[in-house]
2 protein chains.
Amino acid sequence: MSLRYALLALLTAEPLTGYDAAKRFGGSVGFVWHAPDSQIYPELRRMEKEGLIEGEQVRWGPNSTKTRYSITDDGIRAFRDWMNAPVDYGPIRDAPHMRAAYFEWADPDRVRENLQRHIDYYTEQRARWAAMRASILDASHPTIATRIEKYPAQEHERIIAYKAFAYQGLVDRATAEIEWARDGLDLVDKLSPPSP
Amino acid sequence: MSLRYALLALLTAEPLTGYDAAKRFGGSVGFVWHAPDSQIYPELRRMEKEGLIEGEQVRWGPNSTKTRYSITDDGIRAFRDWMNAPVDYGPIRDAPHMRAAYFEWADPDRVRENLQRHIDYYTEQRARWAAMRASILDASHPTIATRIEKYPAQEHERIIAYKAFAYQGLVDRATAEIEWARDGLDLVDKLSPPSP
DNA sequence: ATATCCATGTAATGCGTTACATGATTTG
DNA sequence: CAAATCATGTAACGCATTACATGGATAT
C-alpha cells in the first residue's frame with residue numbers, strides 16, 4: 001500500500017507521466033522504495049479513479065499523446081493523513097541474518113563469499129545513499145531543485161533537512177552491516193582457518 | 001521461498017509437528033523470519049510431496065493422531081545447497097525511512113510520535129535479540145540444547161558461534177536505528193521548537 | 001467442567017515479480 | 001536511418017496476509 005504514498009510523495013514536487021514516475025523509482029525514491037514499472041501504471045490508474053490524482057492528455061510528438069498526472073487536493077489530504085498516521089512495522093524477514101545463523105551448514109569458502117557479497121552490496125548501497133544525501137544537501141538533485149522552487153522559502157530547510165536525515169539513517173545502517181560482515185569474516189577464519 | 005528453508009533449518013534440530021513449527025516462528029526463528037500458521041501447514045505438505053521431509057502419524061490422545069515431520073536426506077541436501085548459494089538481496093522497501101524523507105508533510109508532534117515509536121519498537125526488538133543471543137551462548141535455549149545434543153562435539157562451537165553472530169548483527173542494527181531516531185527527535189526540536 | 005493448549009486447516013484478497021509485448025519519438 | 005529513449009501496458013504466477021473455522025486433549 002505504500003507504493004501509492006510513494007507516488008503521491010513524488011507528485012507533491014511536480015506532475016509526472018507514468019514513465020517519469022517509473023524513472024524516479026530507478027533512483028531517488030527507488031533507494032528507499034522499489035517498484036517495477038508494471039506496478040506503477042495500474043496503480044496510477046487506480047489512484048485516478050479514486051480521485052487522488054488527475055490525468056491530463058498532453059501532446060507528445062505529432063501523432064501521439066501521453067498522460068500527465070497531477071496530485072489533487074484529495075491526494076494531498078490523503079498523503080498528509082498517511083504521514084500523520086503511525087508506521088506499521090511489517091513482519092521481519094531477513095534472509096542474510098537467518099542464513100548466518102546456520103553457517104555451520106555451508107562450506108567455509110561459501111560463507112566467506114556470502115559475507116564478501118554482503119560487504120560489496122552494502123558498500124555499493126552506501127555509496128548511492130551517501131551520493132543522494134550530498135545532492136540533496138546542495139540541491140543539485142533535479143527533483144529537489146524543482147521541489148524547493150515550488151514551496152516557500154521557510155519550508156526549504158525542513159524539506160532538505162528531513163531528506164538528508166532519512167538518507168543518513170540508511171548510510172549508518174549500511175555501515176553497521178559492513179562491520180558485521182567483517183566480523184563474520186574474522187569469525188570464519190577463527191572457526192575454519194583458511195589453508196595457507 | 002525462504003520459508004521452506006527456515007522450516008528445513010528447524011527440522012535439522014529435531015522432528016516437529018506443524019504446530020511445533022508454528023510455535024518456533026513465534027520465537028527463535030520468528031525473530032529473523034516471520035510466517036503465519038496458515039502458511040506453515042500447506043508448505044509442510046508441499047515439502048512432503050517433494051520429498052524434502054517425511055510425515056509420520058503419531059498417536060495423540062486416545063482417539064487422535066498428529067503428523068510429525070522429519071527432514072529427509074534430500075531435504076538435508078536441499079538445505080545445504082541453499083546455504084551454499086549466494087543470497088539474493090531483495091528490492092528495498094523501507095517505510096520508516098521513506099516516510100522520514102517527507103516529514104515536512106506531517107505535524108511535528110506526529111513526527112515526534114513516530115520517531116518515539118521507532119525507538120520503542122527497536123528497543124523491544126533489541127531486547128528480544130539480545131536475550132536470544134544470551135540463551136544461545138549458554139545453551140539455555142531449548143532448541144539449541146536439543147541441537148547440540150544431536151551433533152558431534154566438534155561442531156558445537158560453530159553451531160553456537162554463528163547463531164550468536166547472527167543475532168549480534170540484529171542487535172547492532174537495532175542500536176543504529178535507535179540512535180538514528182534519537183537524532184531525528186533532536187532535529188524536529190531544532191526545526192520546530194516545542195511550545196514551552 | 002471449563003479453560004487453555006494443541007492441532008490443523010480453508011478462502012478471499014492483495015501485493016509484488018517475472019516475463020512478455022508493442023510502438024512512437026527524439027537524438028546523433 | 002539507426003539507436004536510444006519515451007510511453008504504456010498485459011498475463012501468469014507465487015508468496016503473504018487476514019479472516020474465518022473447527023475440534024480433540026490436557027490441566028486445574
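Please read these numbers as outputs of a predicted model, since none were measured by experiment. First the proteins, then the strands, lettered A, B, ... as listed; each starts at 1. Just the heavy atoms: all of them, side chains too, but no hydrogens, waters or symmetry mates, feed the values below.
- The side chain to side chain donor-acceptor pair (under 3.5 Å) check on A/Asn63 picks up nothing, with sequence neighbours excluded.
- A search for side chain to side chain donor-acceptor pair (under 3.5 Å) contacts involving A/Arg77 returns A/Asp74, not counting sequence neighbours.
- For the contact set between residues 12-24 of chain A and DNA chain D, defined by any heavy atom under 4.0 Å, the members are A/Thr17, A/Gly18, A/Tyr19, A/Asp20.
- For B/Arg24 (side chain) and B/Val29 (main-chain N/O), no donor-acceptor pair under 3.5 Å exists by modelled atom type.
- At a non-hydrogen distance threshold of 4.0 Å, nothing from residues 75-97 of chain B comes into contact with DNA chain D.
- The distance from the CG atom of A/Asp107 to the CZ atom of B/Arg80 is 8.0 Å, given to the nearest 0.5 Å.
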Just distance, no hydrogens or angles: give the donor-acceptor pairs under 3.5 Å from side chains in residues 187-196 of chain B, sequence neighbours left out.
| unit_1 | atom_1 | unit_2 | atom_2 | d |
| --- | --- | --- | --- | --- |
| B/Asp189 | OD1 | B/Arg112 | NE | 3.1 |
| B/Asp189 | OD1 | B/Arg112 | NH2 | 3.0 |
| B/Ser192 | OG | A/Arg158 | NH2 | 3.4 |

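- Counting only residues at least two apart or in different chains, ring-ring contact (aromatic ring centres under 6.0 Å, His included) contacts with residues 43-76 of chain A are absent.
- Atom CD of A/Glu14 and atom CG of A/Asp20 lie 7.5 Å apart (nearest 0.5 Å).
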Can you give each donor-acceptor pair under 3.5 Å made by side-chain atoms of residues 35-44 of chain A, sequence neighbours left out, with the distance rounded to 0.1 Å?
| unit_1 | atom_1 | unit_2 | atom_2 | d |
| --- | --- | --- | --- | --- |
| A/Tyr41 | OH | A/Tyr19 | N | 3.4 |
| A/Glu43 | OE1 | A/Arg46 | NH1 | 2.7 |
| A/Glu43 | OE2 | A/Arg4 | NE | 2.9 |
| A/Glu43 | OE2 | A/Arg4 | NH2 | 3.1 |

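- A heavy atom lying under 4.0 Å from DNA chain D marks the following residues of residues 35-62 of chain A, by number: A/Ser38, A/Tyr41, A/Arg45, A/Trp60.
- From the 5' end on, the contacts that DNA chain C makes with chain A at under 4.0 Å to a non-hydrogen atom open and close at C/dC15 to C/dT26.
- The ring-ring contact (aromatic ring centres under 6.0 Å, His included) analysis of residues 134-153 of chain A, with sequence neighbours excluded, yields the pairs A/Tyr151-B/Trp105.
- B/His34 has its NE2 atom 10 Å from the P atom of D/dA16, to the nearest Å.
- With hydrophobic clusters built from ILVMFWY side chains whose heavy atoms lie under 4.5 angstrom apart, B/Phe25 shares a cluster with A/Tyr89.
- Summarising the geometry of B/Trp129 relative to B/Ala174, their closest heavy-atom pair is CZ3-CB, 3.9 Å, with the distance given to 0.1 Å.
- Using a 4.0 Å cut-off between a side-chain N of Lys or Arg and a carboxylate O of Asp or Glu, A/Lys163 and B/Glu104 qualify as a salt bridge.
- Between A/Thr67 and D/dT8, a side-chain N or O to OP1/OP2 separation shorter than 4.0 Å is present.
- Pairs of residues two or more places apart, or lying in two chains, that qualify as ring-ring contact (aromatic ring centres under 6.0 Å, His included) and include a residue from residues 172-196 of chain B are A/Phe165-B/Trp180, B/His97-B/Trp180, B/His118-B/Trp180.
- Counting only distance, with no hydrogens or angles, the side chain of B/His156 and the backbone of B/Ile148 share a donor-acceptor pair below 3.5 Å.
- Of the possible donor and acceptor atoms, one in the side chain of A/Thr72 sits under 3.5 Å from a partner among the backbone N and O of A/Leu52.
- In the helix from C/dA1-D/dT28 to C/dG28-D/dC1, the rotation axis of the first five pairs and that of the last five pairs differ in direction by 30°, rounded to 10 degrees.
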